Amino acid sequence: MPELPEVEVVRRGLQASVLNRTVRRVDVRAPMLRWPVPVELPQRLTGGAPSAIERRGKYLLLRFDAGWLIVHLGMSGSLRWARAGQALRAHDHFDIEFDAGVLRLNDPRRFGAVLWHDAAAGPLHAHPLLASLGVEPLSPDFDGDMLYAATRGRRVSIKQLLLAGTVVVGVGNIYASESLFRAGIRPTTPAHRVGPQRCRRLAGAIRDTLRAAIAAGGSTLRDFVSSDGQSGYFQLECNVYDRAGQPCRVCGKPVRVTRQQQRATYWCPTCQH
DNA sequence: AGCTGGTCCTGATGGC
DNA sequence: TGCCATCAGGACCAGC
């Protein structure tokens, strides 16, 4: 479920609700998510308070005096406030109890992760999961020139390159299709065949698409993290994603679906070249 | 049975 | 040959 915009909306929700709030208690029910939840985590967090809530790609990063809590929502993870005394549901794997309430991680598919990076272990950006990530799409570092330089010599399709996250992070399967549609580029085009002009258009399309999605989520999810972490996501109207056979919103031709690396790609044969 | 919004890891390939 | 970067596929898992 979560792509970068969703994670960013979660981050903002957390920033508004748990920044500088003291952790009273931590419950780990499923020790095995994508990786084991570190056994020392409850002890490290309890009594501390997050002094910053950041995001890198789709990783949520909560800074504590003792180190960083790293959370990834995988494909099916959500963070919500549990009402007082609320019964556990299936796949409620992890709780952080603040004075204000219990923040609960639910993740049916368990592709998500909850990890700890100790302050003594060096700078966070050197963490193996973060060290080789591409640039942030909404940062000034990401533009057409950068994208053009990074795609030289790359024979993979432009969509797969976006998805890989090594050039630019946070572009998941949905927004890859949406951004390429916006830029008028066929997803199967080899990355090195996308010229400087089109790289500029694509970089702009990625930024615009992500920003619009964040705005949609942010405006919809008033008390985010507190009720339904999904509503913002489904408000988003896609141009091509999941619209196979339906008319393109621009030219009216049926949207096509193909498969790249076992992932569905949606595109318009007339609007994208 | 086959699909699903992520991404790390492994092993194969290819260029220098 | 060895080393590197690149690339494809498998793996994890539950729900619909």
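All values reported here derive from a predicted model rather than from experimental measurement. Note on naming: letters A, B, ... go to the chains in the order of the sequence lines (proteins, then strands), and numbering restarts at 1 for each one.
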> Rounded to the nearest Å, what distance is computed from the NZ atom of residue A:K159 to the P atom of nucleotide C:dC7?
Replying inline: 16 Å

>> Near DNA chain C, counting only heavy atoms under 4.0 Å, which residues of residues 106-118 of chain A show up?
In response: A:P108, A:R109, A:R110, A:F111

> Hey, does the side chain of A:H72 come within less than 4.0 Å of B:dG6's phosphate (OP1/OP2), counting only N and O?
Replying inline: no

> CG of A:L161 versus P of C:dT6: gap in Å, rounded?
Replying inline: 10 Å

> CE of A:M75 versus C1' of C:dA14: gap in Å, rounded?
Replying inline: 10 Å

> Where along residues 151-158 of chain A does a heavy atom fall under 4.0 Å from DNA chain C?
Replying inline: A:R154, A:R155, A:V156

> To the nearest Å, how far apart are A:N173 CG and B:dC3 P?
Replying inline: 14 Å

> Could you write nucleotides 9-15 of chain B as a row of B, S and -, 5' to 3', where a protein heavy atom under 4.0 Å of any base atom gives B, of only sugar-phosphate atoms gives S, and otherwise -?
Replying inline: -------

> A:T189 side chain to A:R186 main-chain N or O, any donor-acceptor pair under 3.5 Å?
Replying inline: yes

>> Any side-chain N or O of A:Y175 below 4.0 angstrom from OP1/OP2 of B:dG5?
In response: no

>> Between B:dG2 and C:dG10, how far apart are the two P atoms, rounded to whole Å?
In response: 15 Å

>> Salt bridge check, A:D99 against A:R21: does any charged N sit closer than 4.0 Å to a carboxylate O?
In response: no

> How many Å lie between OH on A:Y241 and C1' on B:dG5, as a whole number?
Replying inline: 6 Å

> Salt bridge check: are A:R56 and A:E136 linked by an N-O gap of less than 4.0 Å?
Replying inline: yes

> Should the pair A:H72 and A:Y59 be assigned to parallel (<30°), tilted (30 to 60°) or perpendicular (>60°) ring geometry?
Replying inline: perpendicular

> Quick check: are there more than 12 heavy atoms from other residues, nucleotides or ligands sitting under 6.0 Å from CZ of A:R155?
Replying inline: no

> Taking the six-membered ring of A:Y148, is NZ or CZ of A:R152 closer than 6.0 Å to its centre and within 45° of its axis?
Replying inline: yes

> To the nearest angstrom, how far is A:Q261 atom CD from C:dC7 atom P?
Replying inline: 10 Å

> Side chain of A:H192, backbone of A:R154: donor and acceptor closer than 3.5 Å?
Replying inline: yes

> Going by an N to O cut-off under 4.0 Å, is there a salt bridge joining A:R109 and A:D107?
Replying inline: no

> For B:dG2, does OP1 or OP2 lie under 4.0 Å from any side-chain N or O of A:Q262?
Replying inline: no

> When we call it a touch if two heavy atoms are under 4.0 Å apart, what does A:R259 touch: a base, just sugar-phosphate, or nothing?
Replying inline: sugar-phosphate

> Has A:D65 got more than 12 heavy atoms of other residues, nucleotides or ligands less than 6.0 Å from its CG?
Replying inline: no

> Whole Å only: how far is the CG atom of A:L73 from the C1' atom of B:dG5?
Replying inline: 11 Å

>> Whether A:R25 and A:D95 form a salt bridge (side-chain N of Lys/Arg under 4.0 Å from carboxylate O of Asp/Glu) is what I want to check.
In response: no

> Would you say the side-chain atoms of A:Q260 pair up with the backbone N or O of A:T265, donor to acceptor, closer than 3.5 Å?
Replying inline: no

> Could you state the CZ-P distance from A:R263 to B:dT4, rounded to the nearest angstrom?
Replying inline: 8 Å

>> Taking A:E8 first and then A:R55, would you say they form a salt bridge - that is, a charged N and a carboxylate O separated by under 4.0 Å?
In response: yes

> Looking across every strand, which nucleic acid part, if any, lies under 4.0 Å from A:A264 by heavy atom: base, sugar-phosphate, or nothing?
Replying inline: sugar-phosphate

> C:dC13 pairs with which nucleotide, Watson-Crick or G-U wobble, both distances below 3.5 Å?
Replying inline: none

